[in-house]
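Quick note: numbers below take in every heavy atom, side chains included, and nothing from hydrogens, waters or symmetry partners.
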Amino acid sequence: MKLHEIKPAKGAFHRAKRKGMGIAAGQGRTAGRGQKGQKSRAGGVKGPYFEGGQLPLVRKLPFARGQGFKNPFRIDYAPINVATLEERFSAGDVVTPETLIKAGLTHASDKYVAVLGHGDIAKALNVTAHKFSATAKEKIEKAGGTTTKLEVKRGGYRTR
């Protein structure tokens, strides 16, 4: 059996009723819509959101406060803990966002890197990142390493 040979079972499909095609058809004249009224007329059925003229919930929603606000000036940082740096790099290594991408710790789409102080570090590393937590900076310098902060370019909407 091939894909083009597959057919539905006999009797699985019925011909569509041709409504309004004369009285003899059994669905003539009113075509199963009954007598008069809104639902008997063409285009007379209201949408599923219609609530009898009351302001629908769909139209109320945009007025709900706090929904969908996106701060255009928000900066997302890729977090890296000092414990992770301890595991992946050897003493004296230079750690930059590029080396973190090569090590598989961040992704190229992560624009900015933040070093956080979770865990311990005993190796002297020269770490260059966009942001350092106070504990991370303290732990790196205590281990004999250095921290260099990179510039963060602020984006968002510009006004004149």
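- As a member of the Ile/Leu/Val/Met/Phe/Trp/Tyr network built from side-chain separations under 4.5 Å, Leu3 groups with Met1, Ile6.
- For the pairing with Phe132, the side-chain contact (heavy atoms from CB on, under 4.5 Å) check across Thr148, Val115, Leu116 returns one residue only, Val115.
- Applying the side chain to side chain donor-acceptor pair (under 3.5 Å) rule to pairs touching residues 101-113 yields His107-Ser109, sequence neighbours excluded.
- Pairs engaging residues 32-54 under the ring pair (Phe, Tyr, Trp, His ring centres under 6.0 Å) rule: none recorded [sequence neighbours left out].
- Residues passing the side chain to side chain donor-acceptor pair (under 3.5 Å) test with Thr135 are Ser133, sequence neighbours excluded.
- Residues meeting the side-chain contact (heavy atoms from CB on, under 4.5 Å) test with Gln54, sequence neighbours left out: Glu51, Lys60.
- Taking every heavy atom of both residues into account, Pro97 and Val113 meet most closely at CB-CG2, 4.1 Å.
- Legend: residues meeting side-chain contact (heavy atoms from CB on, under 4.5 Å) with Pro48, ordered by chain and number and at least two apart, are absent.
- Sorted by first then second residue, the salt bridge (Lys or Arg N to Asp or Glu O under 4.0 Å) pairs that include residues 131-142, not counting sequence neighbours, number zero.
- The two residues Ala31 and Gly20 come nearest to each other via the heavy atoms CB-N, 3.8 Å.
- Pairs passing the side chain to side chain donor-acceptor pair (under 3.5 Å) check and including a residue from residues 18-46, sequence neighbours excluded, do not occur.
- Listed by chain and number, the hydrophobic cluster partners of Met21 come to none, as no ILVMFWY side chain reaches under 4.5 Å of it.
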Expected list for residues 76-89: side-chain donor-acceptor pairs under 3.5 angstrom, two or more places apart:
{"from": "Asp76", "atom 1": "OD1", "to": "Arg74", "atom 2": "NE", "distance (Å)": "2.7"}
{"from": "Asp76", "atom 1": "OD1", "to": "Arg74", "atom 2": "NH2", "distance (Å)": "3.1"}
{"from": "Glu86", "atom 1": "OE1", "to": "Ala122", "atom 2": "N", "distance (Å)": "2.7"}
{"from": "Glu86", "atom 1": "OE1", "to": "Lys123", "atom 2": "N", "distance (Å)": "3.4"}
{"from": "Arg88", "atom 1": "NH1", "to": "Ala103", "atom 2": "O", "distance (Å)": "2.8"}

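- Taking Asp120 as the reference, nothing meets the side chain to side chain donor-acceptor pair (under 3.5 Å) condition, with sequence neighbours excluded.
- Judged as a side chain to side chain donor-acceptor pair (under 3.5 Å), and not counting sequence neighbours, the contacts of Thr146 are Asn126.
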